[in-house]
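Have a look at the structure below before the remarks.
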Amino acid sequence: MSASEPAPAGSPPPRGGVETTALPPAEVPSAADAANETLDAAARPGGWGAEPPGARAPRPRRGPIPERWFDLSDHSSLGSLLEETARRGGRRPALTLSDRGRAVRRLDHAGFRAEALAVARGLAARGVGPGDRVALLSANGPEWLAGAAAVFHLGGVLVPLDPKLEAQEQARLVEHAGAATLLCDGPAWRRLERLRLPSGLERVVVHDPLGPLDGIALPRAELLAGKGPPPPLAPRDRGDVASIVYSSGTTGGAPKGCLLTHGNYLSQAEVLGNLYPLREDEVYLSVLPTHHALDFMCGFLVPFLCSAQVVHLRTLRPEFLLGALRDHRVTHMAAVSALLRALERRLRERLDGLPPLADAGLRGLVRLNRALTRRRPREALSRALLRPVHDALGGRLRRIFAGGAFVPPATARYLYELGFPVAIGYGLTEACAVVSVNDLAPFRDDTVGPPVPGTEVRIAGRDAHGRGEVWVRGPQVFAGYLDDPEATAAALDDGWLRTGDLGELDATGHLRLVGRLKNVVVTAGGKNVSPESVEARFHGIGVEELCVLAAHRVWESAPGDDEALLLCVRPRPGEELPREELARRNRRLPAHQRAAGLVTLSAAFPRTTSLKLRRDLLAARVRALGRGAVEPL
Amino acid sequence: MDEAALTTRLLELSRQRFAGAPAELSPDDDLFQSLGIDSVQALELLSELERTFGVELPDYELAEVRSFAELARKLHERL
């Protein structure tokens with residue numbers, strides 16, 4: 001079945017009277033131009049591109065969201081796009097690095113460009129050129145983005161790596177990608193240099209080193225110290241690979257390097273910039289790791305496209321995060337489930353302790369806000385109605401993107417009803433970042449939205465309930481896995497990406513995810529059960545973590561011998577397990593979805609660095625405890 | 001404060017902070033496993049250590065730490 005008719009890419013936005021501003025083709029700067037890069041950019045007027053004939057007067061810096069329409073069809077590479085965004089952004093703030101509430105670095109768009117070109121010059125002087133693979137291993141920050149921009153300028157291929165992986169694994173990926181150059185931060189290099197270095201690695205550029213550097217490592221400052229004009233922008237085609245991103249996966253095994261092209265990124269940036277534009281004075285807080293496709297898009301390309309600002313935090317602890325929302329006047333952020341829950345907790349702590357009269361007043365205002373935002377978010381109104389609530393999250397937050405792991409619907413709704421619109425979406429590295437996202441008109445907590453414009457979603461192999469594997473086709477679908485034709489053939493079928501996710505499309509064309517195909521359990525009665533859908537029925541219960549496992553996978557017995565489900569829980573520290581509530585919810589499930597036993601675990605569940613549950617490792621942990629650990633539920 | 005005393009104090013603090021901690025903790029215990037905490041809760045522990053000892057402990061130090069003794073060593077280096 002095909003998805004709801006997606007609007008073709010480049011079609012006008014729903015509201016009329018919109019300017020259409022194509023970006024002019026990238027110019028390769030001459031040496032003189034390049035030397036004047038910073039001045040040039042600063043001298044240019046604000047706004048997006050040269051105003052076309054008949055365009056409106058310059059937009060106000062505040063007030064309603066300016067109606068802009070990004071058309072990136074003239075661009076064929078990220079290098080040319082970033083050249084243009086720097087020119088448009090000029091002296092507007094681009095990046096702030098904050099450490100424990102102190103801004104330790106600020107760059108405007110022109111300054112960012114100057115730094116990226118300096119990195120490019122240093123890399124070019126050391127022989128890095130078009131097609132060369134450059135690995136990047138660093139915490140989020142200006143150095144990350146400038147390094148990436150430099151690689152794209154040189155026509156290289158970026159290999160962003162996960163700083164939270166074990167150093168051994170990072171070294172393996174550098175080798176697998178065939179990267180001769182690595183850009184990394186001090187902490188990452190300290191762990192890596194103790195190991196056998198990846199073969200083929202010729203140079204390592206380290207920023208903020210923790211000790212003296214020798215051998216193939218050189219400080220970033222030395223790279224930046226070079227003189228002379230920056231190298232010219234290397235032309236690339238949309239079909240050329242821009243980056244190799246290793247998908248986190250949840251089962252281990254051979255590395256899977258997703259080949260993402262310039263065309264993949266440009267199409268996504270265009271679509272997302274038009275769906276969820278930022279104003280030029282708005283601020284995105286980048287807390288998800290930038291090596292991940294979602295933050296790369298929402299925390300780099302889209303804000304830069306919009307001449308907006310990105311804030312990075314050196315310390316990702318809840319207390320600093322909340323302070324950063326206030327200090328940097330954050331308007332947008334993306335969050336995984338754990339972070340959303342932390343925001344909810346923060347608000348509940350603040351609101352639950354109100355005196356009775358204030359509490360009653362607040363409840364009335366929340367009801368009023370709910371009624372007034374039933375059809376669409378009205379940020380200014382919500383903020384005016386519920387100012388103290390909004391002040392708790394900095395006072396300016398107006399959009400939260402949520403995806404990745406399954407988003408708890410009750411949390412998303414709680415935030416929405418207080419006037420913090422949560423746009424729930426769905427994506428995967430193989431689809432560059434985003435496949436579908438809710439448009440908030442109206443807010444829905446039960447779906448991951450309709451496919452983004454230009455993207456088709458179909459449900460393959462549907463069962464009687466209309467559920468099947470989610471297949472995706474669109475300009476963001478990747479080119480395959482690096483050096484792995486078998487895995488590529490398994491993932492791509494005549495242009496369709498087989499996601500391995502189970503889902504269904506509702507009558508309005510919204511996609512609803514049910515679980516992962518490989519986790520599905522076939523019961524003795526021949527019914528398919530998705531553990532994730534059972535877990536969803538326990539949402540909001542007072543436990544720290546909860547997971548449903550198929551018993552036969554735990555005990556490694558033949559399917560059919562142990563067809564029952566096991567409910568694994570980790571109690572909240574210092575709290576009793578809510579056994580009665582667990583049993584009550586379990587009884588309310590259809591018979592084939594009911595858990596037959598309960599296993600209590602004290603240690604945190606094993607997860608990937610992007611917080612996806614490692615069901616295989618959890619099953620092994622339960623197996624080690626033995627069948628005696630299973631209690632009746 | 002020497003490293004041994006620091007380790008003892010760290011174990012005390014951990015027991016107080018995390019209700020799920022066992023009564024007996026040893027310096028070589030895996031701090032994540034024995035306290036039943038995840039990486040976010042471990043970062044909260046870092047913040048508490050900073051407040052108690054008046055030092056700054058960057059998040060990345062946690063990446064190389066498994067046991068209480070290793071964490072105490074990192075802390076000691078910065079005192």
Side-chain angles (χ1 to χ4, degrees), chain A residues 99-100 102 137-141 162-167 170 184-192 194 208 210 287 313-321 323 336-339 341-342 345 544-545 569-577 600-611 613 621, chain B residues 10-79:
Chain A
D99 189 6
R100 297 157 196 270
R102 304 180 299 264
L137 175 56
S138 163
N140 290 12
D162 180 353
K164 285 193 185 158
L165 285 177
E166 295 288 329
Q170 291 164 345
C184 75
D185 60 18
W189 177 240
R190 185 168 72 181
R191 286 185 287 134
L192 215 49
R194 295 177 192 147
D208 299 312
L210 299 180
V287 288
L313 305 182
R314 203 165 259 170
T315 307
L316 286 176
R317 299 181 204 170
E319 70 261 37
F320 296 120
L321 198 138
V336 292
S337 302
L339 188 51
R341 287 202 191 92
R345 251 198 319 273
E544 195 72 17
E545 292 184 285
V569 292
R570 176 163 74 105
R572 285 184 177 158
E575 288 185 17
E576 286 290 312
L577 199 61
T600 308
L601 297 140
S602 58
F605 288 2
R607 291 180 185 273
T608 66
T609 60
S610 54
L611 301 179
L613 192 62
R621 204 180 279 177
Chain B
L10 170 61
L11 293 175
E12 271 173 31
L13 275 173
S14 303
R15 263 194 303 270
Q16 284 163 10
R17 178 168 179 93
F18 299 104
E24 288 300 317
L25 284 173
S26 122
D28 293 325
D29 283 348
D30 182 312
L31 74 99
F32 295 92
Q33 292 279 342
S34 57
L35 299 179
I37 60 175
D38 54 32
S39 55
V40 175
Q41 291 164 311
L43 285 174
E44 288 169 7
L45 177 63
L46 279 197
S47 289
E48 182 146 337
L49 295 178
E50 289 183 343
R51 282 193 292 273
T52 307
F53 296 104
V55 290
E56 284 194 0
L57 267 175
D59 292 0
Y60 62 74
E61 294 290 20
L62 206 55
E64 296 175 38
V65 163
R66 291 310 299 181
S67 69
F68 291 100
E70 285 165 352
L71 182 55
R73 195 170 311 129
K74 295 280 182 198
L75 197 56
H76 190 252
E77 284 168 11
R78 289 176 178 271
L79 278 180

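Letters go in sequence order (proteins before strands), and every chain restarts at 1.
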I need the residue from A:Pro571, A:Ala604, A:Ala139 with the largest number of non-hydrogen atom pairs under 4.5 Å to chain B. A:Ala604
Identify which of A:Arg191, A:Glu545, A:Arg314, A:Glu544 forms the greatest number of heavy-atom pairs closer than 4.5 Å to chain B. A:Arg191
Region of [X] that comes under 4.5 Å of a non-hydrogen atom in chain B:
X        : value
A:Leu339 : neither
A:Leu601 : neither
A:Glu166 : neither

Just verifying a value: how many Å separate B:Leu79 CG and B:Lys74 NZ, rounded to the nearest 0.5 Å? 14.0 Å
Could you grab the distance from atom CZ of A:Arg100 to atom CD of B:Glu56, nearest 0.5 Å is fine? 4.0 Å
Can you list the steps and then say if B:Ser14 with B:Leu45 is a side chain to side chain contact (heavy atoms under 4.5 Å, CB included)? CA-CA 8 Å; B:Ser14 303; B:Leu45 177 63; 4.2 Å; yes
Pair up each side-chain donor or acceptor in residues 21-29 of chain B with any protein partner under 3.5 Å, not counting sequence neighbours, and list the distances.
unit_1  : atom_1 : unit_2  : atom_2 : d
B:Ser26 : OG     : B:Asp28 : N      : 3.3
B:Asp29 : OD2    : B:Ser26 : N      : 2.9

Just do the side chain to side chain contact (heavy atoms under 4.5 Å, CB included) check on B:Leu62 and B:Leu43 with the steps written out, would you? CA-CA 8 Å; B:Leu62 206 55; B:Leu43 285 174; 3.9 Å; yes
